[in-house]
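What you see is a predicted model, and the numbers here were worked out from it, not measured in a lab. Atoms within a ligand are numbered from 1 in the order they appear, just like the ligands themselves.
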Amino acid sequence: MCERLKLVRDRVISACEKTGRSPSDITIVAVSKTKPASMVMELYECGQRVFGENYIQEGIEKVTALSALKDIEWHFIGHLQRNKAKLAVRYFHWVETVDSERIAGALDKYAGKEGKVLNVLIQVNIGEEDSKFGVLPKELPGLLSHVSSFTNLKIKGLMTIHPFSSKKEDARKWFSMMAALREEMARRFPHLDLSELSMGMSNDYDLAIEEGATIVRVGTALFGKRK
Ligand SMILES: *Cc1c(COP(=O)(O)O)cnc(C)c1O
């Protein structure tokens, strides 16, 4: 498992070298969905500290099982229902999938109650697909101005799950659209910190970095295939 992590880190480094970026600016989120806590532990021992989960209940089980590892940072990367917002706030450090005023409001309320500040990304449906969650690009400014007033949420940037294609290079255009959108929003909302851009998965995280990703979400390449 340490070998896999080294391979992923090496690819991050070479993608950075191609575009003159610094590997220290890239966060690898190890996506552990469907994998047992013991595998998270194994990867932790290789030096990985940031993990991502898609399902609240499954995530909570692992967060709880590994609560002795104080420096793990847990990202929630699945679709979040409002009735799970309280649990997401309690167990996760980041929610990458905020895509409505409703969910943002719920997270802000519970973060306030727990006395913590939750890091959030706004999920953008960049391909405008019916099958995907996320706010449409044209709705993004409205959502950003709404959430900017929430004092218990720390807006960190944007996240996307780009349209699937069997051709890796097809992803590049979505990545560059997201980078342009992030820049435009950073200009329009100078009082917000929109420095993070979460995009790219096992198949294409190197392309995502070349186009400006600061966070890549890598599951299969670290943990092996899911059943
Ligand atoms: C499962 C998942 C990933 C990781 O996908 P891999 O192809 O296994 O790297 C990344 N992001 C999200 C939102 C996911 O659900």
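- Checked against the 6.0 Å centroid threshold, His162 and Trp174 do not count as a close aromatic pair.
- With no hydrogens or angles considered, no side-chain donor-acceptor pair links Glu210 and Thr19 at under 3.5 Å.
- With a 6.0 Å cutoff to the six-membered ring centre and a 45° limit on the axis angle, Arg4 does not count as a cation-pi contact of Phe223.
- Distances below 4.0 Å separate heavy atoms of Asn54 from the following atoms of ligand 1: 14 (C), 15 (O).
- Atom 2 (C) of ligand 1 has as its closest protein heavy atom Lys33 NZ, 2.5 Å.
- Every atom of ligand 1 with a heavy atom of Val218 under 4.0 Å away is listed here by number and element: 9 (O).
- Taking a 4.0 Å cut-off on heavy atoms, Arg226 registers as neighbouring ligand 1.
- For ligand 1, one of its N or O atoms has an N or O atom of Ser202 under 3.5 Å away.
- With a 4.0 Å heavy-atom cut-off, ligand 1 is reached by the side chain of Ile161 but not by its N, CA, C or O.
- Of the polar atoms of Gly219, at least one N or O is found under 3.5 Å from an N or O of ligand 1, judged by distance alone.
- Closest protein heavy atom to atom 11 (N) of ligand 1: Arg217 NE, 2.9 Å.
- Counting atoms of ligand 1 from 1 in the listed order, those under 4.0 Å from a heavy atom of Ile77 are 11 (N), 12 (C), 13 (C), 14 (C).
- For Phe189, the CZ atom sits in a packed shell: over 12 heavy atoms of surrounding residues, nucleotides or ligands are nearer than 6.0 Å.
- Considering only non-hydrogen protein atoms, atom 10 (C) of ligand 1 sits nearest to Met201 SD, 3.2 Å.
- One distance of note links CD1 of Ile77 with CE of Met159; it measures 6.0 Å at 0.5 Å rounding.
- A donor and an acceptor atom, one from each side chain of Gln123 and Thr160, are nowhere located under 3.5 Å apart.
- Annotation: Tyr55, atom OH; neighbour count of heavy atoms from other residues, nucleotides and ligands within 6.0 Å does not exceed 12.
- Defined by atom type and a distance below 3.5 Å, a donor-acceptor pair is missing between the side-chain atoms of His93 and Glu73.
- Protein heavy atom nearest atom 8 (O) of ligand 1, with residue, atom name and distance: Thr220 OG1, 2.5 Å.
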